[in-house]
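For the single chain, residues carry numbers from 1 onward in sequence order.
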Amino acid sequence: MSAAELDRAVTLLVRQVGHWQQPRWSAKAGGGNVSRADLVHKLVQEIANLAADAAGEPRREVPRLPSDLALPDQLRVVTTDLTLADPPEPVLTEATAQVTRTRTAL
């Protein structure tokens, strides 16, 4: 996998959810017992952790903002952080797989 493939996966997810309003974010994710917002925030945190590891920095908690409408932007930011850290291919592969799994679950 490459950074371009990760970017494509993130773009597809953002297109899927970018227009959602709060009731849609609050709905349960497919086949689970957590909200769609919780699921995407978990993805944001996982990508942020991969970025921190790749950059050799400590992991930090990604804040849960008051509005779930900010989640697509948070995902874009942490994905950019990851690609700028120039991680090895297996890390990009894992990140892309996480984005794809999340998109499927939504």
Side-chain angles (χ1 to χ4, degrees):
M1 291 281 170
S2 67
E5 289 168 307
L6 173 59
D7 182 61
R8 177 171 157 45
V10 169
T11 297
L12 288 172
L13 189 139
V14 167
R15 283 184 187 162
Q16 178 179 342
V17 304
H19 63 282
W20 287 1
Q21 295 300 314
Q22 190 58 49
R24 248 173 130 179
W25 282 110
S26 298
K28 297 288 183 207
N33 61 356
V34 298
S35 72
R36 292 170 169 165
D38 290 340
L39 189 65
V40 174
H41 185 263
K42 180 181 178 207
L43 172 66
V44 168
Q45 184 64 61
E46 290 171 353
I47 300 296
N49 289 345
L50 291 173
D53 293 347
E57 297 178 1
R59 291 181 174 190
R60 296 176 185 93
E61 184 177 339
V62 176
R64 185 68 184 263
L65 300 176
S67 174
D68 294 330
L69 304 179
L71 285 166
D73 291 331
Q74 282 186 303
L75 179 60
R76 285 189 194 115
V77 168
V78 297
T79 301
T80 298
D81 290 345
L82 177 58
T83 56
L84 289 174
D86 196 27
E89 186 176 328
V91 173
L92 293 172
T93 299
E94 175 58 27
T96 303
Q98 289 178 6
V99 171
T100 302
R101 283 191 302 270
T102 301
R103 184 169 175 254
T104 300
L106 294 174

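In this structure, a donor-acceptor pair under 3.5 Å is absent between the side chains of T93 and E89.
Rounding to the nearest 0.5 angstrom, the gap separating the CZ atom in R59 from the CG atom in D53 is 4.0 Å. A distance of 12.5 Å separates CD in Q16 from OG1 in T11, rounded to the nearest 0.5 Å. In this structure, CD on Q22 lies 8.5 Å from OG on S35, to the nearest 0.5 angstrom. Distance check: L39 CG to R101 CZ gives 10.5 Å after rounding to the nearest 0.5 Å. Of the inter-residue distances, the one linking T100 atom OG1 with Q98 atom CD reads 10.0 Å to the nearest 0.5 angstrom. Atoms CG and CD, from N49 and E57 in turn, are 12.0 Å apart once rounded to the nearest 0.5 Å.
In the displayed structure, R8 atom CZ is contacted under 6.0 Å by at most 12 heavy atoms of other residues, nucleotides or ligands. By the 6.0 Å contact criterion, CZ on R24 is enclosed, its count of non-hydrogen atoms from other residues, nucleotides or ligands being greater than 12.
Within the 4.5 Å cutoff, no side-chain heavy atoms of T79 are placed close to those of D7. Side-chain contact between W25 and D38 is absent, with no heavy-atom pair separated by less than 4.5 Å. At a threshold of 4.5 Å between non-hydrogen side-chain atoms, the residues L71 and H41 count as touching.
When all heavy atoms of A54 and L82 are compared, the pair lying nearest together is CB-CD1, 4.4 Å. Shown here for P72 and V17, the closest heavy-atom pair between the two residues is CG-CG2, 4.0 Å. In this structure, L13 and V99 approach most closely via the heavy-atom pair CD1-O, 3.7 Å. Summarising the geometry of V44 relative to V78, their closest heavy-atom pair is O-CG2, 3.7 Å, with the distance given to 0.1 Å. The two residues A52 and P58 have their closest heavy-atom pair at CB-O, 3.6 Å.
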>> Assess the residue pair L69 and Q21 against the criterion (side chain to side chain contact (heavy atoms under 4.5 Å, CB included)); give the C-alpha distance rounded to whole Å, side-chain angles, the decisive distance to 0.1 Å, and a yes or no.
In response: CA-CA 7 Å; L69 304 179; Q21 295 300 314; 4.3 Å; yes
> Could you go step by step and tell me if K28 and V34 meet the side chain to side chain contact (heavy atoms under 4.5 Å, CB included) rule?
Replying inline: CA-CA 5 Å; K28 297 288 183 207; V34 298; 6.0 Å; no
> Where do V14 and D73 land on the side chain to side chain contact (heavy atoms under 4.5 Å, CB included) test, with the steps shown first?
Replying inline: CA-CA 8 Å; V14 167; D73 291 331; over 6 Å; no
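Between the side chain of E5 and the backbone N or O of S2 there is at least one donor-acceptor pair closer than 3.5 Å. Put simply, the side chain of Q45 gets close to the backbone of R60: a donor and an acceptor are under 3.5 Å apart.
The cluster map of Ile, Leu, Val, Met, Phe, Trp and Tyr, joined by side-chain heavy atoms under 4.5 Å apart, puts V10 and V77 in different clusters.
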